[in-house]
Amino acid sequence: MDVTSLQTSGRAGPSGGRRPAPPRSGHRGRRSPAASFGLHAALVVASLIAVFPVFWVLVTSFKPDSRAIEASPSLINESSLDNYARILAGEKGDFLAWFGNSLLIAGLTTVLAVMLAASTGYAVSRFNFPGGRGLLFFFLVVQMFPFAVLIVPLYNLLLSLGLQGSAGGLVLVYCTTAVPFCTYMLKGYFDGIPREIDEAGRMDGLSPFGVFWRLMLPLARPGLAVTGFYAFITAWGEVAFASAFLSAADQSKTLAVGLQVFVQQNRTEWGHLAAASILVAIPAAVVFYLVQRFLVSGLAAGSVKG
Amino acid sequence: MVATTTGAAAEHRRPGPRGGTERRGRVRRFLDRYWYAYALVLPVVVVVGGLVILPLAQGVFFTFTNINEGNIANPVLGREADYDVVGLANYLNVLSGDPAYGSFWGVLLRTLVWSGICVAFHYGIGLGLALLLNRPMRFRTLYRILLILPWAVPAFVSAFAWRYLFNADYGLINWLLGSVGLPTPVWLGQSPVAMVAVIIVNVWLGVPFMMVALLGGLQSIPGDLYEAAEIDGATPWQRFTQITLPGLRPVSSTVILLGVIWTFNMFPVIYLITGQNPHTRILITYAFERFFSGATRDYAIASTYGVLILSVLLVFAGVYLRALRSQEAD
Amino acid sequence: MAGVSYVKASRVYPGNPPVRAVDQLDLEVNDGEFLVLVGPSGSGKSTALRMLAGLEDVDEGAIHIGGNDVTHTPPKGRDIAMVFQSYALYPHMTVGENMGFALKLRRVPKETIKAKVAEAAKMLDLTPYLDRKPKALSGGQRQRVAMGRAIVREPAVFLMDEPLSNLDAKLRVETRANIAALQARLGTTTIYVTHDQVEAQTMGHRVAVLKDGLLQQCDTPRNLYERPANSFVAGFIGSPAMNLKTVALTSEGAVLDGLTVPLPRSVVAGHDAKTITFGVRPESLRLTGGDEVGMKLTVDLVEELGADAYVYGSVDIGGTAERFIVRTDGRTPPSIGSTVNVTLRDDNEVHLFHPESGARLETTKAPTA
Amino acid sequence: MRRDTLNTLGRTGVLGLGCVLAMTACGGSGGSDDQDGPVVFWDTSGPGESAVFRDLAEGCAASGGFEVAVEQVAFDQALNNFKNAAQGGQGPDVLRAEVAWVAQLAHNGLIQDLAGTGLDDQGDFLATPWSSTQFDGATYAVPQVTDTLALLYNRELLDEAGVEPPTSWEELLDIAPDLGGDSAFFVNNDGYYALPFIYSAGGDLLDVENQTIVVNSDEAVAGLGTARALLDEGAARTAQDPGNSYGNMKAAFASGEVAMIVDGPWAVADLLDGAAFQDPENLGVAPLPGPADGDGNGPVGGHDYVIRQGSERTDDAVSLIECMSGVEAQTTVAVELGLLPTRESVYEDPEVAEHPVVSAFSAAVERAHPRPWIAEGNELFDPLKIGYADVLAGNLSPAEAAEQVATAYQDTVVPDYTIG
């Protein structure tokens, strides 16, 4: 088994050598109206499918719980902002605390995971050190670890470290899942940055760390954006570990755990749940919007080369 | 001043025999050369290693015991551990396929089907959308944003939303199906239809990642390859199979491997949408059931499942990478 | 300003067997000198340069700059600047920032940086582009920014690694001259790596030829041309390449088809082999009338360059067809397919090498001073 | 990498990462073992009920001279959350535990034996709820509310059809056509809601005394068959997806789509939000269909208060429980929410006695079917839920399903029992 077979050769990086691939060929002439219609129709349908569940959550978020399940669905049914008001007022549990915890945890996970992954990815990309490939393979294997094996031992470990029930413990746990993928992605990205840039930096008087900090990180910004997005979304929406580790006190819950109060086998408060979901989705959407223009290029140069 | 030729250099080529005294020098040289790299990697090794290797070792140990919630040590409550080592009993029980231990083989088969179908759809739809999005047109950015959206929504929110939509009696999906005269199945009931439902949700969730990755891959295929192929008289289909697909290989091989691994261990979608439904049970959800239900949580069986999942994935990755390599060698 | 010296410097890549990319290089570069390292790809010329830059380990031997041993000094402590083949401009900085970056790192006051960058930009016609990002520049402009980045530093030594190879032919010739002129003006010691022997011959005060990690010869362009130290240098320097043939040696001299070239006694006497490597440059051959003694050359191709023409053809020597190139008057070239008679302009314009070692066998002709 | 180039390397970088690590470690401390903090009470009641419990808890704390923090925890997750937290020495001081959880938590040593706190005295607590607090001869909990299932009906719809609430399942079959066939009744496919069918047919899940699994007995199978028959005969509808079944039942009943359901007093507050019950009088409560004698047709349910093992606020927790399970508090709960008190004396309060829901349910509670208070009691429902749903979906015959449930019980829940 050899991870390196995943590593294809580096492509020209963002420094300009790369010739941007022209869009799919065959369009020197104009598309026929029928083809154009088909193209847009397909994309509109796909977009609708992609967006609709989220849209419907939005619609539901304005309905009272008792109207959320209706015999014939309607856009508006006694809709109001009450659900939001109650949630934000803390009537349904300490929503703002959950929100803050989630932001803290996802934010720290993002920063820490990206920093760790960037330094590791850079080391693996640039320094052909013994163990580097082994590390990459190890990371691939880490992706396969089912949390079921780890959750109890991790619980014990965090307990003995005094981190059980703390945001810090959860951040570390999330890093173990986020760092491997991010490292892969950033390694691919660094591979695409010509080594001459490093060398020029060192000629100009930078230490190796200076090269990393002042040249590689700025140049890898799209890659960092994508890995940051990945780490953020992963931590923001994680349920299992958060449930096991952070459910001790209402104040310490994350959104994913806290929101479960709305979803019970015997009483689902769909209206409140939907409103809370929309509130939850907003930061994720903001992060998403900030990085979306990097997503394609970042993934292209990064993870996909693996 | 004038340089001399070094024809005599050959006699210096042989590296001198290294004496024992040089060993220490070699170690130092090794460290001198690589310590920077190791310093960069160290934090990750410590964090990931500490939080993966140690727990994993403990988890593997658990599989040889009968540990559960009732007999695990509890430092806080001052309780001593009193579980016993039971050897391979857990593995034998699970691998016997006994329903009492989750009908391992049946569930494994379902897990494989689940992973295979999900990843196939992820890849197929993702590639289709990527090809569409890779054309110049109006609203391209808008489409792209909308299509990536499912990725940005936290998975548990999506799961709840879909559970709501899939409600057989009051859900929007059946209302739509019914209003155009189509059958309205019980999506999340105790039948194989539930599997279809969770696959739909998981496909919905997973397509954006594939699409974005493949779009990136498409953009890195040099355009002149298409031009060359066109001049050689290749039809659009031939260009797709002869240039696009091979050009996407590095991307595809990675995302498919990751996709299979992720889907294999995809827990929230199934668990949050259908709960403990035997028709949607895959290995990971069963491990979770054993972990979180039962009068006393059965850590031993849950861990055994975990180790088996890891083994299956390792075997898969090994075969996959080998196949990939031999294909590349051709 | 400073001189540079390589003292038995080697770079060995680990492996089985280890690869000696640069092998026991001994080379001295004078203060203010423009030295060109030339060689085919894989000859170790870039590695040698990068060793000097501090980008490659020096596994054996030492390197001195300005009399200081810098063998283990990091690049930033060597007071050198480098121009890369790909220019390696920082894509996220403007032209001005690129050029001033090194000074900024040394905490040079902002005004000073600005002044120096402006001065260098003026010298290189880059003033209008200072606020642009490298992406927005043409290849030639990028090349000049890379030069500017090196100049601003005012280093003791310039290192240039094939800085012209990404330019088109016309621009290359133009820039070649500019760099040479710039170097003359600044008087900074310059080590310049190229695989193009024309570049080497036209730019360098001295040229060092490398092959397989070994230095073959280092001398002025003229001496390299006229007295190549071995058959490799002979074949490498000069365009079109020297005609190099290993031919039978008799007491009369070297035997080529119908032509026997008399060789100095000293050479023949000191040479115990039955063959000899015989070299003659295309311009040392001439076409003659059919009645003169000469080789029968069957013309395959004629390259007409205007004033001159190169005649490519084959001569049957000992049963094998050997290719020869002859430089001749451009106005009356032979036609393709015809057979012409070829002879030496001057029996002294030949180069003789040992058929096995390739080492030069001295002819009577005195070396040029 | 070259050697000496590294002198100035980022030790800073490595240190920086270390700092971040340390920071996160210190960043959020979620523990709640602050001795001066409030007593933490985990309330698992529903959204319609929680406000009343919160007020009560805060009132009790005020009069007891301590602070209380009431945290709303999803009923589904509460047991798991509590286990997780208690295992790590964290979590609430007081938990509102479902009656079936007590034995399990006591068995795992996660809740305190109340001996010596004064809470271990039965006093005027009703025998059945009190029995749920006992495990291994010790008292681990104090009853909060008791409940059972009853038949809830839409008076208007039954009046329009000119029928009375059925007293047996056969009767329901008979009157269903008058109520529009399958809009007569809604069968929730959750396992707990299978119990009325099993009990009314004379069946049970376990015979604890004889350590026997009896869920596959003829009686239990017949009970499951009754439920299936209601659907087959078009006298009832169901929602076959387990996740939405209860919600759909409530939605259908609250909107007036179906005339009758089986549910407990806890549902009343939510149901009264529905369009059909804008007039609370319209909500009728009748005993479950089934024989009027014997062990009763509905399972005993309810909630107890427990104190976490490891709580450092035991004294205040005791006084909180004392107050919340006291006569006054129970009266308030009964009057405001219609939940059934666990103290005999509370029923004597005229306001309680006249409360329509309480009075309607109290008869049912008096003869609610006892459940075994064993550590595994709560786990009986997972297999039953799957088997019952299979019966209702027509995937399996009642006998086959019962057999599967029995096997599952023996395999994973009560391995020491024999299958009867």
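Just so you know, these numbers come straight off a predicted model, no measurement behind them. The chains referred to below are lettered A, B, ... by the order of the sequence lines, with proteins before strands, and numbering in each begins at 1.
Counting heavy-atom neighbours within 6.0 Å of Tyr289(A) OH, excluding the residue itself, gives a total of 12 or less.
In this structure, CE in Met93(C) is found 5.5 Å from CG in Leu215(A), a value given to the nearest 0.5 Å. The CZ atom of Phe84(C) lies 6.0 Å from the CE atom of Met203(A); values are rounded to the nearest 0.5 Å. To the nearest 0.5 Å, atom CD of residue Glu199(A) and atom CZ of residue Arg50(C) are 3.5 Å apart.
With a threshold of 4.5 angstrom between heavy atoms, Lys133(C) does not approach chain A through any atom at all. Neither the backbone nor the side chain of Arg195(A) comes within less than 4.5 Å of any heavy atom in chain C. Both the backbone and the side chain of Ile80(C) come within contact range of chain A, each with at least one heavy atom under 4.5 Å from a heavy atom of that chain.
Leu105(C) approaches Gly205(A) most closely through the heavy-atom pair CD1-C, 4.0 Å. Heavy atoms only, all atoms of each residue included: Ile197(A) and Tyr90(C) are closest at O-CE2, 3.9 Å. Of all heavy-atom pairs spanning Ala88(C) and Ala200(A), the tightest one is O-CB, 3.7 Å.
Look at Asp204(A) and Lys104(C) and you find no salt bridge, because none of the NZ, NE, NH1 or NH2 atoms lies under 4.0 Å from a carboxylate O.
A 4.5 Å side-chain heavy-atom check between Glu196(A) and Asp161(C) finds every atom pair outside the cut-off.
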